[in-house]
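What follows is a single structure, written as structure tokens, with notes after it.
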Amino acid sequence: MKSGTTWMQELAWLLLNNLDFDKANKSHTVRRCPHIEHSVIRNNLHVDSISVCDQMQDNPRFIKSHLPAQLLPRQIWENKRKIIYVARNPKDVVISSFYFLTKLNLWQGNMDDYIDEFITDRIYYASYWSNVLDFYRMRNESNVFFVTFEEMKQDLKDVIERLSRFLDCKVLSEMEVDMLVKHLSFDQMKENQFNNPTSLIRAAFEAKEDFNFMRRGIVGSYRDELSSEQISKLDRWTQEYLQEYGLNESDIFGNIK
Ligand code: A3P
């Protein structure tokens, strides 16, 4: 969650739909790729999101989920369905999710309180690290495409090329890749009412005036948004969690500049 899911949804949907920009510019990303557990986390939703996914006519179906591996539908594993997993470094996820929840009045408290909730697994889709690590450890499986927000920011063209091979899509021309990169830029997606779900979310929640789903979209927002104590606390938690697996945060996310 808050790791670039919507960004990836737009990219993968376009690859799976022969770069149909016309349709992409007429219907919401989040509608073209439904969120399977949506009605579980939003109990006032008047549609059953599982039925929505069940009744989709698209072939292949393209479905969003933030669920940890063990809670995904069993058939995904039995039938070896393709999984695209997007991870983002935890400090930027903390910031992005804090503002998302705060501006929607779904969380009351300050950043220190939120960090404590985050590292003690009292957040949506917890635990952050076990969710990421389960998929990181499956990253070499033929049906798993594990990618990070940081890689998408650093070299989106490379991600497009690798994802397109993973999804068995046609080889794209240079011009098509350029069109995709432009369509997927932060500024363009922010301005596009069908890519940026701000108004849809506003209609569903009592959002604060300054809520915007597309907030900064950068790597390393923690540098100017968290105190050195908050950064150290999160880094200590990460080190303690990852040492059991012989990993460092940079093994997964690279050196964040
Ligand atoms: P910020 O809150 O840091 O701005 P998700 O879709 O998983 O909820 O992730 C939302 C995060 O992805 C937000 O991060 C949002 O701005 C960022 N995002 C969405 N589209 C993006 C794009 N085209 N480029 C960069 N970041 C993007």
Side-chain angles (χ1 to χ4, degrees), residues 1-14 21 23-35 37-39 41-42 44-45 49 64-66 84 86-115 117-118 123-125 128 147-154 156 159 180-227 230-231 234 253 256-257:
M1 115 183 137
K2 308 316 292 172
S3 298
T5 322
T6 317
W7 191 13
M8 174 52 85
Q9 282 172 269
E10 187 62 14
L11 163 57
W13 186 90
L14 279 163
F21 288 107
K23 189 163 176 196
N25 286 324
K26 280 194 209 115
S27 64
H28 291 281
T29 315
V30 293
R31 296 247 163 87
R32 281 177 272 129
C33 169
H35 184 181
E37 72 273 12
H38 200 190
S39 40
I41 55 166
R42 286 263 330 272
N44 56 350
L45 208 65
S49 53
K64 161 184 168 179
S65 178
H66 290 313
I84 303 169
V86 190
R88 187 182 192 184
N89 81 80
K91 295 190 285 287
D92 285 340
V93 172
V94 162
I95 295 173
S96 183
S97 55
F98 172 78
Y99 285 106
F100 181 80
L101 297 171
T102 305
K103 302 287 180 196
L104 293 180
N105 289 307
L106 294 172
W107 160 260
Q108 264 106 36
N110 61 27
M111 184 63 91
D112 283 318
D113 300 331
Y114 186 69
I115 289 174
E117 299 278 296
F118 198 94
I123 53 151
Y124 287 99
Y125 299 108
Y128 167 87
V147 70
T148 62
F149 182 92
E150 289 72 13
E151 287 174 291
M152 290 175 71
K153 284 294 288 190
Q154 197 183 342
L156 190 57
V159 174
L180 253 183
V181 169
K182 190 163 171 235
H183 179 86
L184 294 165
S185 73
F186 181 81
D187 291 340
Q188 190 126 336
M189 278 188 63
K190 187 170 178 172
E191 290 311 312
N192 185 326
Q193 56 160 320
F194 294 109
N195 294 162
N196 180 348
T198 300
S199 52
L200 277 187
I201 298 173
R202 265 187 189 286
F205 292 91
E206 279 182 31
K208 294 201 165 96
E209 203 45 48
D210 56 349
F211 167 74
N212 199 328
F213 178 83
M214 309 271 297
R215 194 173 162 265
R216 289 183 82 187
I218 62 165
V219 175
S221 56
Y222 66 87
R223 292 224 170 77
D224 55 8
E225 297 202 55
L226 295 182
S227 68
Q230 291 167 334
I231 292 176
L234 284 161
F253 299 105
I256 294 164
K257 290 177 211 102

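With hydrogens and angles ignored, the 3.5 Å screen pairs a side-chain donor or acceptor of Gln9 with a backbone N or O of Cys33.
Residues His38 and Val30 fail the side-chain proximity criterion, which asks for heavy atoms closer than 4.5 Å. In this structure, the side chains of Leu234 and Leu226 come closer than 4.5 Å at one or more pairs of heavy atoms. Side-chain contact between Gln154 and Val219 is absent, with no heavy atoms from C-beta onward closer than 4.5 Å. Side chains of Glu37 and Ser49 form no contact here, defined as non-hydrogen atoms less than 4.5 Å apart. When side chains are defined from C-beta on, Val86 counts as touching Met152, because their heavy atoms get closer than 4.5 Å.
Salt bridge absent: Lys153 and Asp92 never bring a charged side-chain N and a carboxylate O closer than 4.0 Å. Between Glu151 and Arg88 no salt bridge is recorded (no basic side-chain N to carboxylate O distance below 4.0 Å). A salt bridge does not link Glu225 to Lys91: none of the charged nitrogens lies less than 4.0 Å from a carboxylate oxygen. Ion pair Lys103/Glu209 not flagged as a salt bridge, since none of the NZ, NE, NH1 or NH2 atoms sits closer than 4.0 Å to an Asp/Glu carboxylate oxygen.
Heavy-atom neighbours of Arg31 CZ from other residues, nucleotides or ligands within 6.0 Å: at or below the threshold of 12.
Proximity of the aromatic rings of His66 and Tyr124 is defined here by a centroid distance below 6.0 angstrom, and this criterion is not met.
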Note to self: Please determine whether ring pair (Phe, Tyr, Trp, His ring centres under 6.0 Å) holds for the pair Trp7 and Phe149, giving the CA-CA distance in whole Å, both sets of side-chain angles, and the decisive distance to 0.1 Å.
What the structure shows: CA-CA 9 Å; Trp7 191 13; Phe149 182 92; 5.4 Å; yes
Next item on the list: Show your reasoning for whether side chain to side chain donor-acceptor pair (under 3.5 Å) applies to Gln193 and His28.
Entry: CA-CA 8 Å; Gln193 56 160 320; His28 291 281; 5.3 Å; no
Next item on the list: Could you please spell out the steps behind the side chain to side chain donor-acceptor pair (under 3.5 Å) verdict for Glu191 and Asn196?
Entry: CA-CA 7 Å; Glu191 290 311 312; Asn196 180 348; over 6 Å; no
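Side-chain contact check for Ser27 and Arg32: at least one donor-acceptor pair (N or O, by modelled atom type) lies under 3.5 Å.
Residues Asn195 and His183 approach most closely at OD1-NE2, 3.5 Å, considering heavy atoms. Closest non-hydrogen pair, Val93 versus Met1, comes out as CG1-O, 3.6 Å.
The aromatic rings of Trp107 and Tyr114 sit perpendicular to each other, their planes meeting at more than 60°, with 30° as the lower class boundary.
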